[in-house]
Visitor: 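Would you mind keeping the following structure in view while I ask a few things?
Keep in mind that what you see is a predicted model, and the values were worked out from it rather than measured. Atom set for the values below is all heavy atoms of this structure, side chains included, hydrogens, waters and symmetry mates excluded. Every chain is numbered from 1 and lettered A, B, ... according to where its sequence line falls, protein lines coming before strand lines.
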Number of protein chains: 2
Amino acid sequence: MYQRTHETDASAQLRLGAGNSVTGLNAHGVVVVCRAKQEIFAAGAMALYCYKVLDGGIRVLKVCRDGRRQILEFLLPGDLLAFGAGDIHATTAEAMTRTTLMRFPRRRMEAMLETDSTLGLEVRKTLSSQLLLAQCHILLLGRKSAEERVASFLLLYAERQIAAAASSDRPMLRQDIADYLGLSGETVSRVLNQMKRQGLVELPAAANIRILDRSSLETLEGDDWERPV
Amino acid sequence: MYQRTHETDASAQLRLGAGNSVTGLNAHGVVVVCRAKQEIFAAGAMALYCYKVLDGGIRVLKVCRDGRRQILEFLLPGDLLAFGAGDIHATTAEAMTRTTLMRFPRRRMEAMLETDSTLGLEVRKTLSSQLLLAQCHILLLGRKSAEERVASFLLLYAERQIAAAASSDRPMLRQDIADYLGLSGETVSRVLNQMKRQGLVELPAAANIRILDRSSLETLEGDDWERPV
DNA sequence: CGCAAGCTTGACGACTATCAACAAAAGTGG
DNA sequence: CCACTTTTGTTGATAGTCGTCAAGCTTGCG
């Protein structure tokens with residue numbers, strides 16, 4: 001809960017370019033550090049703060065009564081969290097590894113939106129690109145086979161993780177991938193190892209995936225759309 | 001392509017309240033009428049316009065190379081379409097029935113956002129609530145059984161359709177429901193008829209569904225979240 | 001009246017979840 | 001530094017859900 005100048009912010013800026021600096025808000029931010037698996041906020045709680053990821057990784061998810069889990073998105077350094085308009089969080093956010101965040105009071109953010117149209121543009125761009133990602137996610141879950149889902153996932157996160165690799169070793173468990181893709185952990189494991197046998201990927205250490213044959217994966221993905229920013 | 005004063009606008013206003021009037025933009029809107037099944041824009045096309053639905057209904061969807069279809073949302077009178085920040089449409093929009101739209105030039109809308117913070121708020125609220133809906137959709141597609149999906153769908157659209165019933169008879173084909181729920185048309189038919197045998201719904205005419213036992217459906221839905229606005 | 005589009009129903013098979021056992025890593029504490 | 005425990009990943013056997021194919025049935029419309 002202590003103020004700190006943001007050492008890690010430089011790498012964060014690097015990812016999404018200068019445009020995504022949450023302009024004037026930085027002055028009102030507080031740096032918060034979360035340990036692995038710590039909950040940042042829970043579904044149903046008052047949305048008092050919004051966040052920017054500086055270092056580490058976050059999963060955003062929904063849970064059913066009976067424990068079924070669906071991950072909605074993985075956030076990496078540079079990404080914004082909880083900039084929606086709702087006063088109550090509809091999702092839960094958890095740190096995947098030790099994670100550093102910049103935290104902003106939502107009331108102050110909304111006040112700034114009244115006058116600062118640049119901030120407004122940033123927020124709109126964030127919401128827009130989250131929506132585009134969600135739409136691709138919907139197509140994936142609704143109409144793709146297990147193999148296509150894994151291929152899509154690898155291609156989507158490959159680029160991002162290269163950029164985030166500096167900050168931490170790929171913090172992505174099989175079960176997290178499964179809960180993102182709407183599959184079981186076993187199925188993800190099977191598909192990945194089949195891809196390994198076909199020479200499409202390498203699995204050096206567990207929780208570490210290296211793409212060897214990107215174009216074959218693109219064929220498998222069976223898709224049509226322009227990948228969103 | 002002719003200007004017209006919006007006769008149907010009153011019922012549209014009724015749905016989402018006075019807040020959702022796309023404030024100053026109305027002056028720059030043109031009323032457009034689409035016949036059933038007409039494409040409003042295609043994925044990949046330049047996003048020149050944004051729209052507000054005045055009457056009828058629209059489906060927004062994505063298609064794979066091999067023809068698999070996934071519907072992302074159904075839009076009803078009062079809903080806004082294509083207010084995202086991207087310059088290229090990532091989705092296709094089609095009229096489900098004869099549909100009346102108000103069409104706004106995006107460049108002008110974006111220009112107004114520079115100064116009009118009320119419009120900015122409206123756009124942010126629209127994007128936010130679309131994102132909430134998308135997140136529920138992701139949970140549904142990733143983790144729910146066919147029966148749970150249909151129950152969720154009925155509950156989600158029941159309220160909306162009561163409001164929209166005035167404008168047109170439920171324009172929803174089994175195949176559209178199936179493509180929204182990530183199921184086959186046959187499965188949707190089977191689940192609906194099973195629900196009918198259990199006295200949960202009535203199926204007076206094809207493409208017409210009446211809910212008889214809402215609370216049982218809520219149990220079936222197997223969910224936990226606060227339904228979004 | 002007859003055709004076309006959409007809906008229902010059944011039979012069958014494919015895909016993927018579940019269960020279970022084991023292997024491999026990663027912590028943990030002596 | 002090494003047993004020990006816990007967590008995570010792999011692999012196989014089995015079963016269930018849902019997609020596909022096909023036929024027949026309704027409904028609406030020309």
Visitor: Indicate yes or no: at least one non-hydrogen side-chain atom of A:C64 is less than 4.5 angstrom from one of B:L139.
Guide: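 Counting from C-beta outward, A:C64 and B:L139 do come under 4.5 Å.
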Visitor: Could you state the atom-to-atom distance from NZ of A:K37 to P of D:dT7 in whole Å?
Guide: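 Answer to the nearest Å: 7 Å.
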Visitor: Once you measure the plane-to-plane angle for A:Y180 and A:Y157, does it fall in the parallel (<30°), tilted (30-60°) or perpendicular (>60°) bin?
Guide: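 Taking A:Y157 first and then A:Y180, their aromatic rings stand perpendicular (interplane angle over 60°).
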Visitor: Between D:dT11, D:dT10, D:dT8, which nucleotide has the shortest distance from any of its atoms to the side chain of A:R197?
Guide: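 Of the options given, the side chain of A:R197 lies nearest D:dT11.
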Visitor: Who passes side-chain contact (heavy atoms from CB on, under 4.5 Å) against A:E186, sequence neighbours left out?
Guide: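 Once residues adjacent in sequence are excluded, the partners of A:E186 under the side-chain contact (heavy atoms from CB on, under 4.5 Å) criterion are A:S184, A:R190.
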Visitor: Is any side-chain heavy atom of A:L133 closer than 4.5 Å to one of A:H137?
Guide: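 Side-chain contact under 4.5 Å: no.
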Visitor: Using whole Å, what does the distance between atom C1' of nucleotide D:dG9 and atom CD of A:Q194 come to?
Guide: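 It is 17 Å, rounded to the nearest whole Å.
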Visitor: What is the distance, rounded to the nearest whole Å, between atom CD1 of A:I177 and atom C1' of D:dT10?
Guide: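 After rounding, the reported distance stands at 14 Å.
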Visitor: What is the distance from CD1 of A:I209 to C1' of D:dG9, rounded to the nearest Å?
Guide: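 Going from A:I209 (CD1) to D:dG9 (C1'), I get 12 Å.
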Visitor: Check this one for me: any side-chain N or O of B:N193 less than 4.0 Å away from OP1 or OP2 of C:dT9?
Guide: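 For B:N193, the contact criterion (side-chain N or O under 4.0 Å from OP1 or OP2 of C:dT9) is met.
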Visitor: Decide yes or no on side chain to side chain contact (heavy atoms under 4.5 Å, CB included) for B:Q175 and B:D179, but give the supporting numbers first.
Guide: CA-CA 6 Å; B:Q175 193 54 52; B:D179 285 339; 3.2 Å; yes
Visitor: Quick check: closest heavy atoms across B:M96 and B:A36, and the distance to 0.1 Å?
Guide: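 Reported closest heavy-atom pair: O-CB, 3.8 Å.
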Visitor: Kindly give the heavy-atom pair with the smallest separation between A:L131 and B:A134, and that separation in Å.
Guide: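 Heavy-atom minimum between the residues: CD1-CB, 4.3 Å.
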Visitor: Taking only residues two or more places apart in sequence, or in another chain, which ones meet B:R197 in a side-chain contact (heavy atoms from CB on, under 4.5 Å)?
Guide: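 Per chain and number, B:R197 pairs via side-chain contact (heavy atoms from CB on, under 4.5 Å) with B:N193, B:Q194.
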Visitor: Applying side chain to side chain contact (heavy atoms under 4.5 Å, CB included) between A:V60 and each of A:L81, A:T92, A:D79, A:I71, report the one that passes.
Guide: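 By the side chain to side chain contact (heavy atoms under 4.5 Å, CB included) criterion, A:V60 pairs with just one of A:L81, A:T92, A:D79, A:I71: A:L81.
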Visitor: Write down the distance between CE (B:M195) and P (C:dT9), rounded to a whole number of angstrom.
Guide: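 Atom CE in B:M195 sits about 15 Å away from atom P in C:dT9.
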Visitor: Quick one: what's the B/S/- string for nucleotides 23-30 of chain D, heavy-atom cutoff under 4.0 Å, read 5' to 3'?
Guide: --------
Visitor: Does the protein touch nucleotides 14-20 of chain C at the base, only the backbone, or not at all? Give it as B, S and - per nucleotide, heavy atoms under 4.0 Å.
Guide: --SSBB-
Visitor: Rounding to an integer number of Å, can you tell me how far A:N208 CG sits from C:dA26 C1'?
Guide: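 Whole-Å distance recorded here is 15 Å.
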Visitor: Can you give each donor-acceptor pair under 3.5 Å made by side-chain atoms of residues 37-46 of chain B, sequence neighbours left out, with the distance rounded to 0.1 Å?
Guide:
from: B:Q38; atom 1: OE1; to: B:R35; atom 2: N; distance (Å): 3.0
from: B:Q38; atom 1: OE1; to: B:R35; atom 2: NH1; distance (Å): 3.3

Visitor: Over how many whole Å does the gap from A:L192 atom CG to D:dG9 atom C1' extend?
Guide: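 The distance from CG of A:L192 to C1' of D:dG9 comes to 11 Å, rounded to the nearest Å.
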Visitor: Identify the heavy atoms of A:L54 and A:P77 that sit nearest to each other, and give their distance.
Guide: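 That closest heavy-atom pairing would be O-CB, 3.4 Å.
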Visitor: How large an angle, rounded to 10°, do the end axes of the helix from C:dC1-D:dG30 to C:dG30-D:dC1 enclose when each is built from five base pairs?
Guide: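 Nearest ten degrees gives 40° for this helix.
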Visitor: Report the distance from atom CG of B:L141 to atom C1' of D:dC18, rounded to the nearest whole Å.
Guide: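 The answer, rounded to whole Å, is 14 Å.
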